[in-house]
2 protein chains.
Amino acid sequence: MPRSGSDARRRLQQAALELFRERGYEATTAAEIAARAGVTERTFFRHFKDKREALFHGEEDFRTALADAVIAAPADLDPLSALRVSFGATEQVLRDNRAFSGPRAALIDQTPALQERMLTKTAGLIDALAGALRRRGVKAGAATLAAQMGMAAFNHAVTMWATDPDSGLQENLARAFADLRGLAAPTPPRN
Amino acid sequence: MPRSGSDARRRLQQAALELFRERGYEATTAAEIAARAGVTERTFFRHFKDKREALFHGEEDFRTALADAVIAAPADLDPLSALRVSFGATEQVLRDNRAFSGPRAALIDQTPALQERMLTKTAGLIDALAGALRRRGVKAGAATLAAQMGMAAFNHAVTMWATDPDSGLQENLARAFADLRGLAAPTPPRN
DNA sequence: GGCATTTCGTCAGTCACTGACGTATAGACA
DNA sequence: TGTCTATACGTCAGTGACTGACGAAATGCC
């Protein structure tokens with residue numbers, strides 16, 4: 001097979017992150033990103049479906065890896081526990097990407113258009129998790145519900161983790177799922 | 001105050017929904033919507049921040065109404081129960097809007113760009129619910145977590161409701177929150 | 001009947017994104 | 001080593017979303 005192509009993509013991603021941070025997302029054009037990466041605007045849109053996607057790439061890998069982990073989790077685990085151990089298995093990946101995902105997260109926080117895209121990526125992840133749970137025999141409705149609950153707990157855990165970077169993901173996941181279970185079984189354990 | 005203006009907006013919303021259903025979202029231009037509504041493209045963008053917003057308007061009312069209901073809920077209710085009764089109070093509004101929101105939902109289902117916007121609207125709703133819970137004394141982290149859980153249960157309830165339109169929202173909410181509590185307190189009630 | 005406020009039309013412009021077509025490069029195969 | 005082919009890339013032209021500036025028309029108040 002010819003021409004690598006994938007290193008042009010990497011240059012484009014790098015250039016996009018830099019320019020977005022320097023001038024802001026709205027103020028930088030796709031042509032500028034392409035120029036810094038040494039290619040044409042047309043090439044930019046051949047690699048990324050739209051301007052936002054330059055910052056969201058490789059998330060599919062994370063999604064499928066997570067879904068596979070859920071499918072491979074011990075069969076005797078209840079849905080939320082299966083999700084929890086799968087989230088826990090991603091700690092190393094998350095740690096390795098901190099240098100890239102840190103600045104990226106800060107950028108997304110102050111850019112509505114990027115937040116919107118982030119939400120659809122998260123929704124896709126939830127879908128994949130729900131599908132994986134269904135493969136474990138969980139009924140459709142319960143699978144979607146559990147996937148959403150798990151993602152909420154995961155986000156909660158990552159938020160607490162960011163507050164105290166010296167801690168581990170595992171302990172924050174434990175706390176997050178405990179919080180979730182505490183909320184679900186409050187004043188009267190049974191109605 | 002001069003010129004009504006708000007009826008032009010209504011005509012634009014109606015025209016947008018019609019054209020999107022006739023030709024699809026991507027295939028209809030903002031100029032076409034404006035033409036059917038008897039105004040100019042420029043006027044369209046004065047009423048709506050972008051093309052998608054023509055279908056998402058009035059959601060802010062729903063959001064503040066829901067947040068107010070959460071704040072006004074009995075003080076002795078735990079967070080999830082407060083959310084549940086607030087959701088239950090919206091049944092009449094949802095029923096009244098069925099004629100409009102039904103076709104709209106079908107349209108959104110087959111239009112990725114509209115799904116994306118829907119997700120940000122839902123995220124805004126979750127934020128508002130979390131804020132309302134904080135006013136009830138719930139700590140920040142638990143409030144966002146509970147709001148996400150509540151929204152997941154609400155979506156679950158509405159899905160079941162759509163499956164069986166003759167049923168009531170209340171019973172589906174009861175079932176949805178029961179499902180949620182069941183998932184959160186599964187095999188071992190305590191870790 | 002003036003006057004202020006708000007909506008709307010017109011015009012011109014930027015930028016995200018796409019299709020068509022031609023070119024260059026890297027590997028497969030003779 | 002010289003074709004052959006698949007793939008990445010450049011160029012060009014075009015559509016459509018969205019915005020700023022300016023002027024005109026409509027509405028309510030005095």
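Naming convention: chains lettered A, B, ... in sequence-line order (proteins, then strands); numbering from 1 in each chain.
- Evaluated for a side chain to side chain contact (heavy atoms under 4.5 Å, CB included) with B/F45, the options B/E41, B/K49, B/H47 yield exactly one hit, B/E41.
- Residue A/T43 has no polar side-chain atom (N or O) positioned under 4.0 Å from OP1 or OP2 of D/dA8.
- Closest to the side chain of A/R42, out of C/dA16, C/dG19, C/dG9, is C/dG19.
- Between the CZ atom of A/R9 and the P atom of D/dA8 there is a distance of 8 Å, given to the nearest Å.
- The pair A/D78-A/R181 meets the salt-bridge criterion, with a side-chain N (NZ, NE, NH1 or NH2) lying under 4.0 Å from an Asp/Glu carboxylate O.
- Cation-pi geometry between A/R104 and A/F56 is satisfied (NZ or CZ under 6.0 Å from the ring centre, within 45° of the ring normal).
- In this structure, A/F48 places its CZ atom 19 Å from C1' of C/dC15, rounding to the nearest Å.
- If you take NZ of B/K51 and P of C/dC15, they are 21 Å apart, rounded to a whole angstrom.
- The interatomic distance linking B/D50 (CG) with C/dT14 (P) rounds to 22 Å, in whole Å.
- The one candidate from B/R11, B/R36, B/R23 that meets the salt bridge (Lys or Arg N to Asp or Glu O under 4.0 Å) condition with B/E18 is B/R36.
- Rounded to whole angstrom, the span from the CD atom of A/E116 across to the C1' atom of C/dA16 amounts to 15 Å.
- Rounded to an integer number of Å, the gap from CZ of B/F44 to P of C/dG9 is 13 Å.
- With D/dG10, D/dA17, C/dC15 as the choices, the nucleotide that has an atom nearest any side-chain atom of B/E41 turns out to be D/dA17.
- Side-chain contact between A/F48 and A/R9: present, with at least one pair of heavy atoms (C-beta onward) separated by less than 4.5 Å.
- When the C1' atom of C/dC15 is taken as reference, atom CG of A/L19 falls 16 Å away, rounded to whole Å.
- In this structure, the CD atom of A/E53 is 12 Å from the P atom of C/dT18, given to the nearest Å.
- Between B/H47 and C/dT7 there is no side-chain polar atom (N or O) within less than 4.0 angstrom of OP1 or OP2.
- Picking from D/dA17, D/dT11, C/dC8 the nucleotide with the shortest atom distance to the side chain of A/T40 gives D/dT11.
- Mapped onto DNA chain C by nearest heavy atom, A/R46 and A/A31 fall at different nucleotides, with A/A31 at the one closer to the 5' end.
- Closest to the side chain of B/F45, from the set D/dT11, C/dG9, D/dT19, is D/dT19.
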